[in-house]
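Naming: A, B, ... by sequence-line order, numbering from 1 per chain.
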Number of protein chains: 2
Amino acid sequence: MKNQLKLLRTQRNWTQADLAGQLDVSRQTINAIEKDKYDPSLPLAFKIAKLFQLPIEEIFDDSQSM
Amino acid sequence: MKNQLKLLRTQRNWTQADLAGQLDVSRQTINAIEKDKYDPSLPLAFKIAKLFQLPIEEIFDDSQSM
DNA sequence: CTTTAATGTCAAATAAGCTTTACTTTTAAA
DNA sequence: TTTAAAAGTAAAGCTTATTTGACATTAAAG
């Protein structure tokens, strides 16, 4: 599943560690999601969407997965 | 995390097994999500949203979680 | 060029999502 | 009221998400 996390983060001049801090997850989790190692849990996806004030569908894109 | 899965399903007169079949998951997975035993993965949430043609935020509600 | 912050990655451990099998309880209809 | 379908539940096992800790690579600024 592709996502816009890196774009949204860098637009705000946040480091992976900054974003991780705001979301209460580890820096490695942010890195893994940005690098498409795995998808976030649904609750984490909600938290991300809320932080960026965007619908989940505008941040994550499942068009090829499953 | 609360969700509208049971409502959406019963509105269509689908059994848990029907829905599970369309989503390619087990009947127990549908039951567990409806009974709030756990949250679906993000890819499954996308699949559910696509099936019901609704935004994820209109099916799932994280207002109290995390 | 060198230092330092940021990013990438890996391994081991734990937690959460999901499956299968199997059984019990509820619902509803004949 | 019996029967069958649907829903609920539970255990064991597998997969994926997340953490921590550690180390390597990249970038960018002095």
Side-chain angles (χ1 to χ4, degrees):
Chain A
M1 171 135 48
K2 286 183 60 64
N3 70 76
Q4 302 299 120
L5 205 52
K6 181 170 188 168
L7 176 64
L8 292 166
R9 175 178 64 77
T10 54
Q11 280 175 346
R12 287 158 179 79
N13 289 315
W14 291 343
T15 68
Q16 291 180 346
D18 289 336
L19 180 53
Q22 297 186 70
L23 294 170
D24 266 311
V25 294
S26 70
R27 182 182 65 80
Q28 285 86 338
T29 293
I30 299 303
N31 186 71
I33 295 169
E34 286 191 0
K35 306 294 287 180
D36 281 321
K37 297 285 186 64
Y38 53 73
D39 299 317
S41 69
L42 187 58
L44 181 50
F46 264 93
K47 213 167 177 179
I48 292 169
K50 190 174 203 174
L51 179 61
F52 291 113
Q53 301 190 83
L54 288 171
I56 290 181
E57 283 87 348
E58 285 187 30
I59 304 178
F60 299 94
D61 168 25
D62 76 335
S63 46
Q64 81 279 31
S65 71
M66 298 183 78
Chain B
M1 171 136 46
K2 287 184 59 64
N3 70 75
Q4 302 299 120
L5 205 50
K6 182 168 191 171
L7 176 64
L8 293 167
R9 175 178 65 78
T10 54
Q11 281 176 347
R12 286 159 181 77
N13 289 314
W14 291 344
T15 67
Q16 291 181 345
D18 290 335
L19 180 55
Q22 299 186 69
L23 295 170
D24 264 311
V25 295
S26 70
R27 182 182 65 79
Q28 285 82 342
T29 292
I30 300 302
N31 187 70
I33 295 169
E34 286 191 358
K35 304 294 286 183
D36 280 322
K37 296 285 186 66
Y38 52 72
D39 299 318
S41 68
L42 187 58
L44 181 52
F46 263 93
K47 215 167 175 178
I48 291 169
K50 189 176 205 174
L51 178 61
F52 290 112
Q53 301 191 84
L54 288 171
I56 290 182
E57 284 87 348
E58 286 187 29
I59 304 177
F60 299 93
D61 168 24
D62 76 333
S63 45
Q64 80 281 33
S65 71
M66 300 181 78

Of the listed nucleotides [options], the one nearest the side chain of [X]:
| X | options | answer |
| --- | --- | --- |
| Thr29(B) | dT20(D), dT7(C), dT19(C) | dT19(C) |
| Lys35(B) | dT7(C), dT18(D), dT9(D) | dT9(D) |
| Arg9(A) | dT7(C), dC18(C), dT18(D) | dT7(C) |

Distance, rounded to the nearest Å, where [X] contributes [atom1] and [N] contributes [atom2]:
| X | N | atom1 | atom2 | answer |
| --- | --- | --- | --- | --- |
| Gln16(A) | dT20(D) | CD | C1' | 16 Å |
| Tyr38(B) | dG8(D) | OH | C1' | 13 Å |
| Asn13(A) | dT7(C) | CG | C1' | 16 Å |
| Leu44(A) | dT19(D) | CG | P | 8 Å |
| Asn31(A) | dA24(D) | CG | C1' | 13 Å |
| Leu5(A) | dT7(C) | CG | C1' | 14 Å |
| Leu23(B) | dC18(C) | CG | C1' | 13 Å |
| Ile30(A) | dT18(D) | CD1 | C1' | 11 Å |

Practice problem: Group every Ile, Leu, Val, Met, Phe, Trp and Tyr by side-chain heavy-atom contacts under 4.5 Å, then state whether Ile56(A) and Leu54(A) land in the same group. | Solution: yes
Roughly how far, to the nearest 0.5 Å, is the [atom2] atom of [Y] from the [atom1] atom of [X]?
| X | Y | atom1 | atom2 | result |
| --- | --- | --- | --- | --- |
| Lys6(A) | Leu8(A) | NZ | CG | 13.0 Å |
| Ile48(A) | Gln22(A) | CD1 | CD | 11.5 Å |
| Glu57(A) | Asp62(A) | CD | CG | 8.5 Å |

Quiz prompt | hbond_proxy Gln28(B) side chain to dG17(C) base (donor-acceptor, 3.5 Å cutoff) | solution = no
Quiz item: Is any N or O donor-acceptor pair between the side chain of Arg27(B) and the base of dG8(D) shorter than 3.5 Å?
Solution: yes
Quiz item: Do any side-chain nitrogens or oxygens of Ser41(B) fall under 4.0 Å of OP1 or OP2 in dC18(C)?
Solution: yes
Quiz item: Using a cut-off of less than 4.0 Å, is there contact between a side-chain N or O of Lys47(A) and OP1 or OP2 of dT18(D)?
Solution: no
Do [X] and [Y] have side chains that get closer than 4.5 Å, going by heavy atoms?
| X | Y | answer |
| --- | --- | --- |
| Ile33(A) | Leu44(A) | yes |
| Phe46(B) | Met1(A) | yes |
| Leu19(A) | Val25(A) | no |

Quiz item: Heavy atoms under 4.0 Å, any strand shown: does Asp18(A) hit a base, just sugar-phosphate, or nothing?
Solution: nothing
Quiz prompt | Sugar-phosphate, base or nothing in reach of Thr15(B), heavy atoms under 4.0 Å | solution = sugar-phosphate
Quiz item: In dot-bracket notation, what is the pairing pattern of DNA chain D, taking Watson-Crick (N1-N3 plus N6-O4 or O6-N4) and G-U wobble (N1-O2 and O6-N3) contacts under 3.5 Å, with [ ] crossing and | for other strands?
Solution: ||||||||||||||||||||||||||||||
